[in-house]
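What follows is a set of notes on a single structure, which appears directly below.
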Amino acid sequence: MIIEIEDDFSLGKMADCGQCFRAVCLPDGSYRFISRENVLNIREQAPHQFQVSCSEEAWEKFWRDYFDLSRTYSRIREDLLMQLSGEGETPFGQTPRGVSEGDAATEAACRQDGADSVERCMPGPDVVSDAAVRFLTQAEQAGRGLRILRQDPWEMLITFILSQRKNIPAIRSAVEKLAMLYGHPVKEMLFTFPSPEELGRASEADLRAAGLGYRAPYVKDAADKVLSGELDLETLEKLDDESLFEKLMTVKGVGKKVANCICLFGFGRTSRAPVDVWIERAVSLCGGVDPFPAFGEYAGIMQQYAFYYMTHQKV
DNA sequence: GACCAGGTGGCCT
DNA sequence: AGGCCACATGGT
């Protein structure tokens, strides 16, 4: 079947941007994505034309949502650039200023992790510094084509617990190993990411043997909390961004950065902008002030452009 | 064979 | 509240 996609849609970038770890480019130039029980082969056969291996029903019911196709990223980029050029005086998702200092909505939009002061979101003359404008403009160009994939929350929970102090290739192999050991086959030599029940069968010692190292008890705790119902991933969907973030932080081994990644990549919360070592470098290139929260509802999308830029270009 | 990786929890002031 | 540091393993 052929799908037409006019909007931003770079398979290469999405498969290699550090948000999904199981997508691969096959020898024939097509890409294979896997999520839950679904496997998709997709190839760009002409500009904006994609050949997909699934049925129309599977595309509409699953993959359209997975690729976040209800959002128009070209439009979002325009908005982001407009804010960069200073035309958008009011950052997304924030109420106009000068009303009242302690405005709850503004404060909520500013808080990325509950610890940061409102201070740095309170825009001075320039919400985003000149250095930041230059950097973010470059980043948007480099990252054009990316989308925030709507991945399985459980898989994101475990994957980003695994991710700490690993590079992307190492995360890939760790996830693949878990799938091989505890998932079930969907095709030959291709395994699902293990469900909470499947992964729950592994003891902490088993997980250490699988190479998780000090993260083994963290993964165990996550599986325990999900299996006991203490962490109900379906219910979490209904929570607002901040409550979701706080709830995720109750899992051992889930700190600010990992919780924000789960919010962004597992729950589609595009206001969350995780700060890792790469983004810290980006922040210093921007003059030392984290520019992402100022993008409000789309902070996570701008962050993803910056992350891609940092990990793929020499800056 | 160093060096570093999409960090975090625990301990210390 | 904020600054160190150990932590296990694998890729480059």
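The sequence lines fix the lettering, A, B, ..., with proteins before strands; numbering per chain opens at 1.
The nearest heavy atom of DNA chain B to A:K252 and to A:I279 marks one nucleotide each, and the one closer to the 5' end goes with A:I279. Two residues, A:S173 and A:Q164, neighbour DNA chain C, and the one matched to the more 5' nucleotide by heavy-atom proximity is A:Q164. The residue among A:G253 and A:K257 whose nearest nucleotide of DNA chain B is located toward the 5' end is A:K257.
Residue contacts shown for A:G18 include a base, since a base heavy atom lies under 4.0 Å away. A:E280 comes within contact range of no nucleotide atom at all, as no heavy-atom separation falls under 4.0 Å. Here A:Y308 lies out of heavy-atom contact (under 4.0 Å) with every strand.
To the nearest angstrom, P of C:dG11 lies 12 Å from CD1 of A:I171. Put simply, CG on A:L207 is 14 Å from P on C:dA8, counting in whole angstrom units. For the pair A:E176 CD and C:dG10 P, the interatomic distance rounds to 16 Å; values are reported in whole Å. Atom CE of A:M249 is separated from atom C1' of B:dG9 by 11 Å (rounded to the nearest Å). Atom P of nucleotide C:dC7 and atom OH of A:Y218 are separated by 12 Å, given to the nearest angstrom. Distance CG (A:N167) to C1' (B:dA2): 15 Å, rounded to an integer number of Å. The interatomic distance linking A:R281 (CZ) with B:dG6 (P) rounds to 9 Å, in whole Å. As rounded to whole Å, 14 Å separates atom C1' of C:dG11 from atom NZ of A:K177.
One P atom belongs to C:dC5, the other to B:dG6, and the distance between them is 23 Å to the nearest Å. Rounded to a whole angstrom, the distance from the P atom of C:dA8 to that of B:dG1 is 23 Å.
The closest side-chain donor-acceptor pair between A:S35 and A:D152, if any, does not fall under 3.5 angstrom.
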Please step through salt bridge (Lys or Arg N to Asp or Glu O under 4.0 Å) for the pair A:E242 and A:R272, ending with a clear verdict. CA-CA 9 Å; A:E242 196 60 29; A:R272 312 303 300 195; 3.3 Å; yes

Pair A:Y305, A:F135 - check ring pair (Phe, Tyr, Trp, His ring centres under 6.0 Å), show working. CA-CA 11 Å; A:Y305 292 145; A:F135 173 82; over 10 Å; no

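Of the candidates A:K13, A:R77, A:R71, A:R77 is the only one forming a side chain to side chain donor-acceptor pair (under 3.5 Å) with A:D8.
Taking only side-chain nitrogens and oxygens, A:S163 never comes nearer than 4.0 Å to OP1 or OP2 of B:dG7. Not one side-chain nitrogen or oxygen of A:R165 sits closer than 4.0 Å to the OP1 or OP2 atom of C:dC5.
Both geometric conditions, a ring-centre gap below 5.5 Å and a plane tilt below 30°, are fulfilled for A:F307 over the base of B:dG6.
Taking the six-membered ring where the residue is Trp, A:F62 and A:Y66 present parallel rings, their angle staying beneath 30° rather than reaching 60°.
Relative to the side chain of A:R208, the nucleotides C:dA8, C:dG11, B:dG7 differ in distance, and C:dA8 lies closest.
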